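Numbers here simply count residues along the sequence, with the first being 1. As a basis for the values below, the full set of heavy atoms in this structure was taken, side chains included, without hydrogen atoms, waters or symmetry mates. Since the model is a prediction, treat every value here as computed from it, not as a measurement.
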Amino acid sequence: MLQGQHLIGGKWRGSGDAFITRSPSNLEEAVGQYPLGTAEDAFAAVDVARQALPAWEKFNTQGRCDILRRVGEALTGRAREIGTLLAREEGKTLREAVGETQRAAQAFFYYAGEVVRHPGQFYNSLRDGHHVIVSYEPVGVVSLITPWNFPIAIPAWKVAGALAYGNTCVLKPSEFAPGCAVMLGRILEESGLPAGVFNLVHGDGRVLGDTLVAQSDAVSFTGSTRTGRAILQTAAAHMTKVQLELGGKNPLVVLDDADFDTAVEVALQGTFGQTGQRCTGSERLIVTRGIHDAFIERLTKKVAALRVGHALEENTEVGPVATAPQLEKNLTFIARALEEGAQLAAGGTRLERPTPGHYLAPTLFVNTTPHMQLNREETFGPIAGVIQVADLEEAIAVATDCELALSAGICTTNIRSAERFRRASPSGTVMINAPTAGIDYHVPFGGRVPSGYGGRELGPASAEFFTEIKTAYVNHGSL
Ligand code: NDP
């Protein structure tokens with residue numbers, strides 16, 4: 001069992017109480033033990049991060065780049081080891097977990113480049129004998145609060161971004177899956193990161209959150225919209241800079257002219273990949289009349305054939321649901337959908353496997369309407385509803401009739417339809433003939449309010465959050 005600890009000022013340490021994580025594939029298997037942090041631990045972590053800030057801001061540029069690159073190399077080299085821990089603790093399949101670890105490594109490689117690539121600007125001034133220099137400085141101590149569903153990728157891209165632009169940080173991973181954050185902390189240390197630049201605290205977000213948000217200069221959060229709102233309120237009182245990546249209820253539109261095989265695969269991957277526990281997962285399948293019956297017939301067969309099982313078994317295509325509350329929530333959504341008259345095409349029930357776990361059959365509902373709870377609130381599980389519509393315009397009306405605006409997709413071979421949809425969608429991310437989930441690290445990612453708030457993550461746009469602008473007017477006199 002992994003013995004995780006807080007990492008504060010370069011020292012690994014515990015605190016009074018501890019909590020244990022269990023594998024959702026086998027609830028009899030304990031995966032890790034971690035200290036239950038207190039507000040004092042959070043305070044101490046921010047304090048040492050603040051002490052480490054001046055030296056890290058001035059740290060040699062090539063040296064900073066090298067540290068981030070070494071972290072990327074270590075994550076790559078240990079992808080199977082970390083992926084195995086991730087799969088055991090969170091429940092996604094080993095293939096998905098190793099892929100996520102490799103993606104975490106790529107974020108470090110990308111931000112290693114950003115250390116040397118990040119530009120400033122030089123302007124001629126409007127005043128004679130002056131010029132203007134615009135530079136980007138670290139925002140300071142950044143708290144990073146992360147969810148359980150991508151327990152290495154999301155911490156990695158937040159930590160790498162914070163460090164690349166000269167900030168120090170405190171990471172608070174989800175208490176459902178903190179093991180990867182411990183591995184990341186060890187790797188950062190072994191890669192030569194000075195003590196106090198990266199700090200780690202474990203425990204209940206409701207206990208640690210207020211201190212982290214109040215004491216830091218900025219907070220980058222990924223999680224539920226409800227928690228995001230609470231963080232925003234605390235941040236407002238302290239004027240802490242905030243970046244929130246929140247929930248989605250992402251539509252995938254399939255038009256009559258879609259490439260049939262592509263559309264089925266896009267829906268299958270986008271909805272059921274990573275056990276459907278992706279903020280960008282396709283939860284509403286909006287299908288036009290001409291293709292509807294053939295599409296749901298093929299998709300139902302594929303969904304019913306998905307192999308649900310233990311995360312570490314080679315044949316498993318869909319791992320268990322990550323947590324007991326999440327399983328409970330999924331079952332409640334299924335029951336309500338049935339009550340509201342949705343027709344079950346596949347799944348809908350818990351599954352028994354040789355080990356006791358949170359197994360749920362991938363679930364597809366057809367004959368659903370836009371107003372059913374299933375199509376209005378984020379389920380965050382391997383569940384989707386199909387809504388039949390007449391044409392592109394009705395599809396757009398249904399797709400955009402939802403306050404969440406993270407990701408949206410369309411399958412069509414008509415470029416005008418694709419472009420019409422791209423322009424009409426209020427979502428921060430639009431996918432054409434590609435699953436609504438699955439993002440690149442070198443371009444901006446995020447949703448619009450209430451799916452996101454306060455600037456994008458990843459790509460050059462992430463510098464807007466991790467830096468503060470300084471505009472300097474230089475009077476050099478006449479030359
Ligand atoms: P939560 O909002 O419950 O938790 C996210 C993190 O916030 C956890 O570390 C949690 O700690 C912490 N937290 C809880 N309460 C507070 C608080 N009052 N102050 C500060 N921190 C707090 O989300 P989940 O972990 O359940 O993740 C699922 C949600 O995340 C889904 O709604 C999903 O859509 C969203 N998500 C969004 C993504 C995006 O990029 N837009 C990506 C991935 C997920 P604790 O350990 O106590 O749980």
Side-chain angles (χ1 to χ4, degrees), residues 6-13 37 39-71 107-108 111-112 114-118 120 134-146 155-173 181 184-201 208-221 231 234-235 238-243 454-455 457 462-472:
H6 305 307
L7 176 60
I8 300 177
K11 294 193 175 63
W12 290 94
R13 65 186 217 202
E40 288 72 36
D41 294 319
F43 192 90
V46 176
D47 188 46
V48 296
R50 197 165 294 291
Q51 290 171 34
L53 186 61
W56 182 244
E57 274 187 82
K58 290 193 222 82
F59 200 86
N60 177 267
T61 302
Q62 184 62 55
R64 194 190 297 166
C65 168
D66 289 344
I67 290 171
L68 296 194
R69 183 179 42 73
R70 284 198 290 272
V71 176
F108 272 93
Y111 279 109
E114 276 298 275
V115 173
V116 292
R117 203 164 36 220
H118 186 57
V134 178
S135 58
Y136 296 82
E137 301 186 350
V139 69
V141 176
V142 189
S143 281
L144 312 167
I145 303 176
T146 55
W157 79 50
K158 288 188 195 292
V159 170
L163 300 185
Y165 299 118
N167 305 283
T168 56
C169 63
V170 179
L171 172 63
K172 206 306 275 176
L184 181 60
R186 290 178 185 171
I187 287 173
L188 284 159
E189 238 184 353
E190 290 158 14
S191 301
L193 191 73
V197 174
F198 167 86
N199 304 278
L200 175 65
V201 285
L208 304 171
D210 282 357
T211 305
L212 293 177
V213 176
Q215 300 299 322
S216 305
D217 300 300
V219 57
S220 176
F221 166 81
I231 286 176
T234 309
H238 297 272
M239 289 187 154
T240 306
K241 192 173 183 181
V242 180
Q243 177 182 60
E457 295 200 272
S462 60
E464 287 170 24
F465 173 73
F466 285 120
T467 62
E468 289 292 343
I469 296 176
K470 181 173 281 172
T471 308

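When all heavy atoms of Gly185 and Trp12 are compared, the pair lying nearest together is C-CZ2, 3.9 Å. Of all non-hydrogen atoms in Asp41 and Gly37, the two that sit nearest each other are OD2-CA, 3.3 Å. Annotation for Leu212 and Ala42: closest pair CD2-CB, 3.9 Å, computed over non-hydrogen atoms. For Val159 against Cys169, the heavy-atom pair with the smallest separation is CG1-SG, 4.4 Å. Closest non-hydrogen pair, Ala49 versus Val170, comes out as CB-CG2, 4.3 Å. Among all heavy-atom pairs drawn from Ala107 and Ala160, the shortest one is O-CB, 4.1 Å.
At a threshold of 4.5 Å between non-hydrogen side-chain atoms, the residues Phe198 and Leu171 count as touching. Looking at Leu7 and Arg186, their side chains never come closer than 4.5 Å, going by heavy atoms from C-beta outward. Contact check for Val142 versus Phe465: side-chain heavy atoms found under the 4.5 Å cut-off. Side-chain contact check for Leu188 versus Leu163: some heavy-atom pair is nearer than 4.5 Å. Taking the side chain as every heavy atom from C-beta outward, Tyr136 and Phe466 never approach each other to under 4.5 Å. The closest side-chain heavy-atom distance from Trp157 to Ser462 is not below 4.5 Å. Pro173 has its side chain within reach of Leu200: a pair of non-hydrogen atoms, C-beta onward, lies under 4.5 Å apart. Taking the side chain as every heavy atom from C-beta outward, Phe59 and Val115 never approach each other to under 4.5 Å.
The closest donor-acceptor contact from the side chain of Asn167 to the backbone of Val139 lies under 3.5 Å. Thr240 contributes a side-chain N or O that, together with a main-chain N or O of Val213, makes up a donor-acceptor pair within less than 3.5 Å. Within the 3.5 Å criterion, the main-chain N or O of Gly9 finds a donor-acceptor partner in the side chain of Asn199. Side-chain N or O atoms of Arg70 include none that pairs as donor or acceptor with a backbone N or O of Glu190 at under 3.5 Å. No side-chain donor-acceptor contact under 3.5 Å links Arg69 to the backbone of Ala112.
To the nearest 0.5 Å, the span separating CD1 on Ile67 from CG on Leu193 amounts to 5.5 Å. Rounding to the nearest 0.5 angstrom, the gap separating the NE2 atom in His6 from the NZ atom in Lys172 is 11.0 Å. Remark: Ser220 OG to Ile231 CD1 distance equals 9.5 Å, nearest 0.5 Å. Atoms OG1 and CZ, from Thr211 and Phe43 in turn, are 8.0 Å apart once rounded to the nearest 0.5 Å. Summarising the geometry, atom OG belonging to Ser135 is positioned 11.0 Å from atom CD belonging to Glu468; distances are rounded to the nearest 0.5 Å. To the nearest 0.5 angstrom, Leu53 atom CG is 9.0 Å from Lys58 atom NZ.
With respect to the salt-bridge test (charged N to carboxylate O, under 4.0 angstrom), the residues Arg117 and Glu114 qualify. We find that Arg50 and Asp47 are not joined by a salt bridge, their nearest charged nitrogen and carboxylate oxygen being 4.0 Å or further apart.
By the 6.0 Å contact criterion, CD on Glu464 is open, its count of non-hydrogen atoms from other residues, nucleotides or ligands being 12 or less.
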